[in-house]
Each structure stands twice: as structure tokens, then as C-alpha cells.
Amino acid sequence: LGKEALKNATNAAQNLLYELKQRVKQGKGVVKKGAPRLMMIEAPSFSDPNITAEVEKLNLAIPFFNFFVFAPEAELNPPRIDSKSLNSNKIIAHNILSVGMTNCLPLRLKTLVKACKKFKPDGILINMHSTCRPHSGDIQIVKEIIEKEIRIPVLILEGEIFDPRYYSIKKFKSELEVFAEILKERN
């Protein structure tokens, strides 16, 4: 980016931050205060905002995603390392490997359970990226462990985060409506 573009991007980010702080002060949010809070496992669709829009229409909040939770202690910041003795590639690798979603299943489960105990979501929404075997192969195990150990509802949406032709938004909508009712009955 050129200096002017970087300056414009910085100003836009500062304006957005100011507007968000104002909304928080006014008590305004995307969903109503007291809405059920979800942790989302895996990413929302990168190509179709309809899934997130349907979640918001049902007055469900998604305040955190598993890829912002770092292993092994479910922290919101990566574990600190002595960066003076490492090159930039090793620092980047350390941070990527600390993210809960990139860990092996046992460590990922441990981190998710800790995150659920720490942040107390009302439910878990898993956007299963079904065309990615490493991220979809063990989703049912994750669901069963969370339901058993944390005792909160978990919904798996079987889809694709890049290509909306792999799923039906109508199917997602009906599954989300049932899930929202379950969450609201529990609150």
C-alpha cells in the first residue's frame, strides 16, 4: 500500500472504532441485550453473509470464534515467547500453532472445554467446512464432548465456507430457528 492508502485505511479504522465505542455507550448492538451468546467453531462463510444475517435475525450473538482462543489455556492472546531469540518465521509458526483450531484433536478439545468454562457461551455453532477433511473429520467428536462435559447445545451446520453452492440457506435457516428456540428455552 502507498502512504496515502495506508493513511486512509488507518483513518477508516479509527472512525469505525469511535463509532463502535459510541454504540456500546448507547447500549446499541447487532442483537438485543441479553441475547443467547454462541461460540462459533470454524469460520463463517467467506462468500455468503446470509448465514451470519440469519443468526442475527434470530437474536443470537456470536461474540467469539474458536480461532481467537489460544491453546492450551483458552487465552485471547497468543502465549508469550522470547521473540529476541527467534526469527519472524518461527514467531509466526508459534502463533499459528497456538490457535485452538490448528491443534491436534486432544489439545483442541481441552482448549475448547476451557474456553466454554471461561466464557460461558449458551451454545456452540459449528460451521462445518465439509470439503476440508482436516477440519470436518472430527466435528462430531467435538460436538459430543462439548455436550457431555459442558452441557450446552451444539449445532453443526454442514456447509462450505467458500462456495455457497454446497449448501442450502433455507436448510440452515430452519436448523438455526430450531436451535434458537432451544437456546431461548434454556435462558
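As a basis for the values below, the full set of heavy atoms in this structure was taken, side chains included, without hydrogen atoms, waters or symmetry mates.
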Asks: Do the side chains of Pro121 and Ile152 get nearer than 4.5 Å, heavy atoms only?
Replies: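 Yes, their side chains come closer than 4.5 Å.
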Asks: Do other residues, nucleotides or ligands put more than 12 heavy atoms under 6.0 Å from Lys7 NZ?
Replies: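 Counting neighbours around NZ of Lys7, 12 or fewer heavy atoms of other residues, nucleotides or ligands fall under 6.0 Å, so no.
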Asks: Report whether Val31 and Met39 are members of the same hydrophobic cluster (ILVMFWY, side-chain heavy atoms less than 4.5 Å apart, transitive linking).
Replies: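 Different hydrophobic clusters.
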Asks: From the options Lys184, Arg186, Arg37, select the one residue that forms a side chain to side chain contact (heavy atoms under 4.5 Å, CB included) with Asp122.
Replies: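 It is Arg37, the one option of Lys184, Arg186, Arg37 that forms the side chain to side chain contact (heavy atoms under 4.5 Å, CB included) with Asp122.
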Asks: Hey, is CZ on Phe46 packed in by over 12 heavy atoms from elsewhere, all under 6.0 Å?
Replies: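 Atom CZ in Phe46 is packed in, count exceeds 12.
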Asks: Side-chain contact, heavy-atom cut-off 4.5 Å: Leu125 with Ile41?
Replies: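 Heavy-atom side-chain distance check fails, nothing below 4.5 Å.
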Asks: Whether the Thr131 and Glu160 side chains hold a donor-acceptor pair (N or O, under 3.5 Å, no angle test) is what I'd like checked.
Replies: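 Per modelled atom types, Thr131 and Glu160 side chains form a pair under 3.5 Å.
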Asks: Taking the side chain as every heavy atom from C-beta outward, state whether Phe179 and Leu38 have any atom pair closer than 4.5 Å.
Replies: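 Phe179 reaches Leu38 side chain to side chain.
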Asks: I want to check something: taking the side chain as every heavy atom from C-beta on, are Ile124 and Pro153 in contact at a cut-off of under 4.5 Å?
Replies: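 They are not in contact (no side-chain heavy atoms under 4.5 Å apart), so the answer is no.
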Asks: Indicate if Phe119 and Leu112 have the same hydrophobic cluster label, given that clusters are the connected sets of ILVMFWY residues with side-chain heavy-atom separations under 4.5 angstrom.
Replies: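 Looking at the clustering, Leu112 is in the same group as Phe119.
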Asks: State the CD-CD distance between Glu147 and Glu144, to the nearest 0.5 angstrom.
Replies: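 Result: 7.5 Å between the selected atoms.
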Asks: Indicate yes or no: does Lys57 engage Glu54 in a salt bridge with an N to O separation below 4.0 Å.
Replies: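 Here Lys57 pairs with Glu54 in a salt bridge, since their nearest N and O are under 4.0 Å apart.
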